[in-house]
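Residue numbers begin at 1 in each chain, while the letters A, B, ... track the order of the sequences.
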Protein chains: 2
Amino acid sequence: CSSAPTDGLDRLRSLLQLCVDRHYVSPGETNADLFQRGLSCSYGPLGTELRRNLLEQWWHSVTTGRARGQVLGISTLYVSQEERAADGLRLVECEHIKQILDRQESKEEIIQEIKMLLERSPEVRTNLLTGALQQLVPSLELVNRKLPFGLAETGLCFQPSAGSGCSAEITQTSLVWFCSPRTSSQWLDHWTRQRLKWWKKFALSPSDFSSSEVPEQELEGAASRGVRILYNFPWGSETLETLWSRGNAELLHVHKGARSKLQCRDGQKSVPHVVWISGNMDRGVTAFLFNSLQQLKREEGRQKLQQRKVLKLHPVLAPVKVALNIGRGATMELRQVCGGLLQEFLEAKIFTWPGYLETVPTSAEQQIAKYDEMGVLFSVVISDNTLENGLVQVRSRDTTIRETMHISEIRKFLSRYISAAENI
Amino acid sequence: CSSAPTDGLDRLRSLLQLCVDRHYVSPGETNADLFQRGLSCSYGPLGTELRRNLLEQWWHSVTTGRARGQVLGISTLYVSQEERAADGLRLVECEHIKQILDRQESKEEIIQEIKMLLERSPEVRTNLLTGALQQLVPSLELVNRKLPFGLAETGLCFQPSAGSGCSAEITQTSLVWFCSPRTSSQWLDHWTRQRLKWWKKFALSPSDFSSSEVPEQELEGAASRGVRILYNFPWGSETLETLWSRGNAELLHVHKGARSKLQCRDGQKSVPHVVWISGNMDRGVTAFLFNSLQQLKREEGRQKLQQRKVLKLHPVLAPVKVALNIGRGATMELRQVCGGLLQEFLEAKIFTWPGYLETVPTSAEQQIAKYDEMGVLFSVVISDNTLENGLVQVRSRDTTIRETMHISEIRKFLSRYISAAENI
């Protein structure tokens with residue numbers, strides 16, 4: 001077994017194929033393109049679960065990893081009737097525009113009416129910051145006006161096309177952190193360390209994740225400082241998450257300058273400053289899939305060169321934790337045993353693959369190769385041995401070692417393995 | 001203590017006020033209106049957590065409550081470039097329309113260009129059915145073309161305004177169930193029972209949830225039968241979830257009649273029929289809040305009539321499971337003990353309220369009244385007694401009984417209490 005370097009394009013093609021074959025990403029070129037660009041694509045069952053796991057981990061780390069202050073979850077609206085910019089993305093009903101166009105009025109009237117319709121149409125959010133700033137006042141009471149504290153949200157956002165004509169959706173995470181003016185730069189550093197640590201925690205090769213200060217000329221609007229968390233894709237670095245120190249100008253603007261409403265305490269009274277941490281979890285999915293793909297070449301008996309691909313996703317991210325298969329023995333009985341285990345695992349919220357239901361005959365080797373490509377953590381084989389003495393074979397994706405275990409112990413073993421990996 | 005009947009409007013006003021005061025729903029009239037109509041509104045921290053819990057329960061029950069067939073999760077796109085209807089909701093960039101309007105062209109050219117722009121603009125989904133039908137083919141391999149099986153998804157959908165000029169977003173759940181043609185009506189009945197059981201499971205008064213066959217004249221498009229799951233709000237019944245038996249016409253249409261691609265097995269070969277179960281989880285949140293609000297009048301010592309409100313949300317739905325407070329004793333030390341417990345609970349994913357951080361002095365009575373309105377399951381008081389012998393006082397929302405417990409046992413007690421309630 002030896003690890004062989006492959007060039008970037010090969011790696012990309014290989015990963016895309018694997019993601020489609022193994023139901024992370026739905027087939028189709030548009031979809032592959034979206035996936036590659038770190039945008040929401042249509043995910044298959046495994047990709048859906050991977051993104052769910054990633055979002056769950058983000059939520060847990062941000063809302064419970066209490067950096068001296070409480071973090072509250074909120075949920076704001078996707079479209080807004082207030083605070084609309086003159087440009088931006090609007091939701092319009094086709095029929096309404098068509099009615100105007102069909103009205104046989106003068107050109108001026110048509111232009112006027114369409115402009116009015118646009119003004120009335122709801123605007124689609126492009127990020128989660130404004131919503132959180134609007135939510136600040138009701139949340140202040142909950143935290144006794146004491147800084148620092150944060151408002152967390154995950155949700156769909158829209159990315160304007162920027163001229164390409166092809167706008168797209170993104171699953172964003174957002175932590176808006178309110179702190180005293182004099183500490184905002186320290187908090188930016190604190191959160192940069194925390195976030196980078198979080199990304200690296202789930203990585204197979206952590207060195208592909210890095211952080212980089214945003215150059216002054218690239219700072220947008222209110223931001224006085226910014227840091228990007230990057231992933232080193234085969235074609236270059238892309239941003240997974242950005243951290244901005246944004247002062248309090250936007251907050252005051254949203255609340256029309258009502259300083260007294262916004263006063264908080266942290267030693268002294270002040271209108272809080274905002275540190276905003278915004279992540280793209282679709283690109284996060286792409287990054288972790290790239291990061292975890294291991295391609296191994298190994299020479300088999302008769303000089304046959306075989307390539308083995310393993311998706312070594314972190315145990316808490318891996319969508320399928322365990323697969324259940326049957327070996328030699330009475331099929332009907334073995335399936336019944338599998339059915340019982342499946343129910344037990346699912347109730348313990350362990351995502352389980354019912355390999356024993358497969359009807360196409362495959363060799364044990366082929367099955368293992370498939371599970372490795374799916375990133376399945378463990379595969380369990382139930383055989384006539386199990387019926388006799390309760391013993392099953394458990395094979396680990398990461399060590400490739402097969403162990404014998406009693407059937408009554410597997411669920412506990414799996415739960416412990418996953419939660420140990422989570423708490424490291 | 002006596003339960004008093006209050007009329008519907010009173011009840012509505014009372015609940016709305018409580019939801020805003022206790023951070024389920026953000027303040028504002030628009031928001032209250034959205035909430036009441038069962039649409040997505042801006043949720044406060046408690047409402048956000050309640051909806052998260054509800055969605056999590058739905059996902060768990062549907063993907064693991066295995067009704068003889070596998071259920072796979074998918075995630076499709078919010079906007080679609082394909083399969084667009086002539087009408088529908090489109091996302092347009094204001095600037096593009098304005099550019100056309102400003103071009104000084106003839107009326108005919110303007111009309112032509114706006115129509116073309118609309119045609120090119122992405123359409124926003126109004127439900128999760130089409131996405132699932134498109135995803136069928138790649139999923140067939142995973143389930144060995146064996147019926148029945150299902151595709152589950154939760155996500156944001158858009159509801160057209162239907163003339164009111166005010167379209168809105170909804171958090172939908174969708175289970176698209178593929179089964180053999182001859183069994184589809186039985187499956188509709190099966191899922192109706194399952195879904196009604198699920199709704200009632202979390203209810204304080206289960207009789208407010210009911211199911212009702214859709215009258216023939218109200219069947220839309222492809223549906224040959226339909227059932228609605230209703231909640232009896234003070235102003236009348238509203239639909240929480242609908243179950244449709246839809247045949248396979250839509251499926252064949254989406255796949256352009258390619259029957260061979262869609263063939264599945266269940267005894268004999270056939271193009272599967274579709275049973276579609278679609279829920280509105282925003283209205284679900286409203287329903288459970290209404291359902292769990294208990295208003296009790298009690299007479300106090302000197303003829304003072306006090307009203308006590310308790311939000312008796314089901315233990316798995318209740319956003320805050322436990323609140324930590326300090327009683328008599330050395331504040332600094334007691335806070336430290338609370339901090340330790342808080343960390344322990346949060347790591348065990350028990351949503352905990354840090355009541356000990358509050359700075360406004362309130363009586364123990366007032367605090368309990370507040371927690372009851374928040375629906376907090378248990379409140380724990382740490383006092384100098386705890387420092388001496390490790391004993392804490394635990395008060396239950398539902399029994400109002402105060403028990404003494406050792407500090408080392410609370411986490412386990414809470415975890416067990418919640419999971420017992422989940423598995424009933």
Just checking, is any N or O donor in the side chain of Q172(B) or E153(B) under 3.5 Å from an acceptor N or O on the other one?
-> no

In terms of heavy-atom pairs under 4.5 Å with chain B, which of L151(A), L101(A), L142(A), I110(A) leads?
-> L142(A)

Most contact-rich option vs chain B, by heavy-atom pairs under 4.5 angstrom, among A152(A), G44(A), C41(A), is C41(A)

State whether R125(B) and E169(A) are salt-bridged, where the test is any N-O pair (Lys NZ or Arg NE/NH1/NH2 against Asp/Glu carboxylate O) under 4.0 Å.
-> no

Would you call E113(A) and R103(A) a salt bridge, taking side-chain N to carboxylate O under 4.0 Å as the test?
-> yes

Top contributor to chain A interface from [options] [non-hydrogen pairs under 4.5 Å]:
{"options": "V143(B), I74(B), V20(B), I97(B)", "answer": "I74(B)"}
{"options": "Q135(B), E49(B), K115(B), R51(B)", "answer": "Q135(B)"}
{"options": "S419(B), S75(B), S40(B)", "answer": "S75(B)"}

Hits for ring pair (Phe, Tyr, Trp, His ring centres under 6.0 Å) against F351(A), two or more places apart or cross-chain, chain-then-number order -> none

Can you name the residues that form a ring pair (Phe, Tyr, Trp, His ring centres under 6.0 Å) with F149(A), not counting sequence neighbours?
-> F178(A)

With a 4.5 Å heavy-atom cut-off, do R52(A) and E56(B) have their side chains touching?
-> yes

May I ask you to test the D282(A)-L39(A) pair for a side-chain heavy-atom distance under 4.5 Å?
-> no

Can you tell which part of [X] gets under 4.5 Å to a heavy atom of chain B, answering side chain, backbone, both or neither?
{"X": "Q112(A)", "result": "neither"}
{"X": "P27(A)", "result": "side chain"}
{"X": "V92(A)", "result": "both"}
{"X": "L77(A)", "result": "both"}
{"X": "D102(A)", "result": "side chain"}
{"X": "E141(A)", "result": "side chain"}

Below 4.5 Å from any heavy atom of chain A, which atoms of E108(B) appear? Answer side chain, backbone, both or neither.
-> neither

Are the aromatic ring centres of Y78(B) and Y78(A) under 6.0 angstrom apart?
-> yes

